[in-house]
Amino acid sequence: MAKNIVSNARIAELLGEMAELLELAGENYFHFRAYQKAAQIVAGLTASAAAMTDEELTEVRGIGKSLAAHVAAIAATGAFPELEALRKKLPPGLPELLKVQGIGAKRAKLLYEKSGVDSVAKLKELSEKGELEKLDGFGKKSEENILSAVKFREQAGDKRMLHWEARVIAEELLKLAASLGLEKAAYAGSLRRGRETVGDIDILAVGRPDGTATEKFSKLDRVEKVLSVGPTKCSVILKDGIQCDLRVVPANLYGSAMNYFTGSKEHNVALRGLALKMGLTLSEYGLCKLADKEHKKPVASRTEEEIYKALGLAYIPPELRENRGEIELARKRALPELIELSDVKGDIHNHTAHSDGAATMEEMLARAAALGFKWYFCGDHSKPLAIANGMDYKKYEETRAELAALSKKFPKLKTGRSIEMEIMKDGSLGFSAKEAAKVDFVVGSVHSAFKMPEAEMTDRIIKALPAVDAIAHPSGRLLGKREGFTFDYGKVFEAAARAGTAFEINGQPDRQDLTDVTARKAKEAGVKILLSTDAHAAAQLDYMSMAVTVARRAGLTKSDVLNTFSYEELLTWIKRRRAKR
DNA sequence: GCCGTTTTCGGCCCGACTGTTTTCAGTCG
């Protein structure tokens with residue numbers, strides 16, 4: 001395999017940019033859509049697209065001869081000549097304009113051609129001078145809205161919100177449903193699908209579509225700005241800095257509306273295509289016969305389950321709705337039975353005040369017991385991570401004795417003492433091999449020298465594998481803050497499968513790493529997955545549900561995940577694994 | 001640019017809301 005092979009993420013990025021530029025250039029809708037779709041498909045592949053043959057690529061739905069050739073060219077040279085040619089043709093600031101609310105490709109093109117607007121700064125200038133409203137198709141109102149959108153962007157940037165933060169806000173809003181006169185409400189959109197970050201919060205509610213609920217919603221205290229409000233739909237920007245859309249439907253359309261509002265867009269497009277082939281049409285107003293233009297007698301609309309059934313599919317959980325092959329699996333009744341939070345019996349990677357946690361061992365145990373965990377490995381950092389007060393083996397033994405004594409207060413909770421072990425630059429550990437072998441559960445982590453070359457990082461992790469039971473937050477990324485390090489996932493997972501070492505999905509809202517894509521790849525390589533809270537406070541043990549969400553997106557089942565094991569099964573797994581080395 | 005249980009050509013998902021318009025295009029999800 002070639003060195004420094006072009007990543008799927010990079011290929012997807014280039015294809016996505018191509019789609020954007022083609023749209024700006026006024027290309028045929030379906031032409032640029034094909035690039036857009038291909039970008040998403042490549043981003044979701046577990047195999048390396050750059051390493052695939054032409055035949056393998058064209059076998060992927062949505063990638064034909066032409067796109068396969070582009071991918072191959074990018075893989076071979078790292079360059080995409082057609083894209084570069086287009087970049088030269090269009091002003092570089094034009095794609096930026098699309099990020100302003102209310103500006104699409106047509107308006108961006110018109111702004112550039114009529115007024116030479118090729119940057120957000122120039123757009124702002126034009127609207128401030130009152131020149132924008134003089135353009136065809138624009139008016140006073142458009143000018144105001146665009147100026148306000150530009151200012152909002154300057155302030156908020158285009159950052160997406162972490163899944164967990166958005167989930168907390170959404171759940172607070174849902175509590176207000178009754179006071180808005182709504183029968184029931186739930187969040188939909190990318191939040192329901194469990195995406196790691198979300199761009200807006202979508203709320204679907206059952207109620208009378210007479211505009212009272214949307215009107216009240218638009219006047220809530222936490223609303224910063226109203227974007228639109230109609231009888232059934234309302235879009236606002238919250239003071240929390242995120243857009244929130246409310247949609248109100250009657251109870252009999254809840255299923256079709258939920259399906260439509262959950263997306264993903266690509267999943268919905270594929271479902272609608274499937275419906276069309278069956279002489280049906282799918283929208284938020286139900287799955288209807290083509291002739292039933294008014295949606296008078298839906299074939300299915302009340303629940304999502306009946307819609308999937310009527311399309312000849314098994315029910316597809318929201319986390320899988322990304323058009324990454326789930327529809328085909330649903331047709332063949334071959335969808336994985338996804339892990340649920342209730343399958344999880346305990347947590348292994350977490351911290352107490354003995355290293356850098358906020359809570360005592362007892363507080364952590366109490367919370368674990370309250371959550372209904374069957375077992376709990378109480379963790380802390382190893383030396384030499386001084387910033388986190390990492391401990392040596394002597395202190396490990398002392399605190400293990402303390403834990404054993406404390407455990408008597410929680411008779412229903414089986415316990416163990418775990419260590420988040422430093423993986424040094426050369427792949428050795430923070431403890432000696434002898435010491436590490438005596439630790440109840442060793443979770444290995446890289447916390448230093450993130451910038452080492454990919455090949456060295458690959459060797460570093462592979463070298464550490466036999467001595468650690470699991471690898472924690474494998475890429476070291478912090479969403480929105482730090483990119484993390486890279487290594488050859490294929491090679492490392494292969495070695496991990498041989499060593500029997502598990503890989504972690506970390507439930508910290510800004511980590512969520514392994515990702516949905518890399519966790520799927522780990523599973524395919526035969527690597528077990530560990531779900532962790534990495535809790536640094538008792539309340540953070542709730543992050544287990546974040547880790548489960550990522551696991552579900554990765555298509556993991558109960559048997560793929562260590563946390564579903566009984567205490568005895570887990571001990572056996574650890575023993576067998578260590579016997580291998 | 002992709003794709004095929006009518007098809008290798010001619011389709012390609014559907015609707016709400018807004019603003020600028022006198023019937024609709026653009027944007028968004």
[X] near the nucleic acid: base, sugar-phosphate alone, or nothing, with a heavy-atom cut-off under 4.0 Å?
X	answer
A:Arg247	sugar-phosphate
A:Ser235	nothing
A:Lys37	nothing

Calculate the interatomic distance between [X] atom [atom1] and [N] atom [atom2]; express it in whole Å.
X	N	atom1	atom2	value
A:Glu143	B:dG19	CD	P	13 Å
A:Leu246	B:dC17	CG	P	11 Å
A:Leu290	B:dC14	CG	C1'	12 Å
A:His31	B:dG1	NE2	P	4 Å
A:Lys140	B:dT20	NZ	P	10 Å
A:Glu144	B:dG19	CD	P	9 Å
A:Met18	B:dG1	CE	P	8 Å
A:Gln36	B:dC2	CD	C1'	14 Å

Looking at DNA chain B, which of residues 72-91 of chain A put a heavy atom within less than 4.0 Å of it? none

Does the side chain of [X] come under 3.5 Å of the side chain of [Y] through a donor N or O and an acceptor N or O?
X	Y	value
A:Glu326	A:His267	yes
A:Asp245	A:Gln243	yes
A:Ser475	A:Arg511	no
A:Thr212	A:Asp210	yes
A:Thr262	A:Arg192	yes
A:Thr197	A:Arg160	yes
A:Asn506	A:Tyr543	no

Exercise answer: donor-acceptor pairs, residues 10-25 of chain A side-chain atoms, under 3.5 Å, sequence neighbours excluded:
residue	atom	partner	partner atom	Å
A:Arg10	NH1	A:Glu13	OE2	3.2
A:Glu17	OE1	A:Arg87	NH2	2.8
A:Glu17	OE2	A:Arg87	NE	2.8

Pairing nucleotide - B:dC3, Watson-Crick or G-U, each distance under 3.5 Å: B:dG10

Less than 4.5 Å apart, side chain to side chain, heavy atoms only: is that true for A:Glu306 and A:Arg302? yes

Considering residues, nucleotides and ligands other than A:Lys225, do more than 12 of their heavy atoms fall under 6.0 Å from its NZ? yes

Atom CZ of A:Arg331: over 12 foreign heavy atoms under 6.0 Å: yes

Separation of the P atoms in B:dC17 and B:dT21, to the nearest angstrom: 22 Å

Sticking with atom P, work out how far B:dT22 lies from B:dG26, rounded to a whole angstrom. 14 Å

What's the closest nucleotide to the A:Lys141 side chain, out of B:dG1, B:dA16, B:dG19? B:dG19

Heavy atoms under 4.0 Å is the rule here; annotate nucleotides 3-9 of chain B 5' to 3' with B where the base is hit, S where only the sugar-phosphate is, and - elsewhere. SS-----

Could you run down nucleotides 23-29 of chain B 5' to 3' and tag each one B, S or - for protein heavy-atom contact under 4.0 Å? ---SSSB

Ring pair (Phe, Tyr, Trp, His ring centres under 6.0 Å) partners of A:Phe138, counting only residues at least two apart: none

Under the ring-ring contact (aromatic ring centres under 6.0 Å, His included) definition, can you give me all pairs with a residue in residues 7-34 of chain A, not counting sequence neighbours? A:Tyr29-A:Phe32, A:His31-A:Tyr35

If you compare every side-chain N and O of [X] against the phosphate oxygens of [N] (OP1, OP2), does one of them come in below 4.0 Å?
X	N	value
A:Ser228	B:dA16	no
A:His295	B:dG15	yes
A:Asn145	B:dT18	no
A:Tyr29	B:dG1	no

Taking for A:Ser283 and for A:His70 the nucleotide of DNA chain B with the nearest heavy atom, the one nearer the 5' end belongs to A:His70

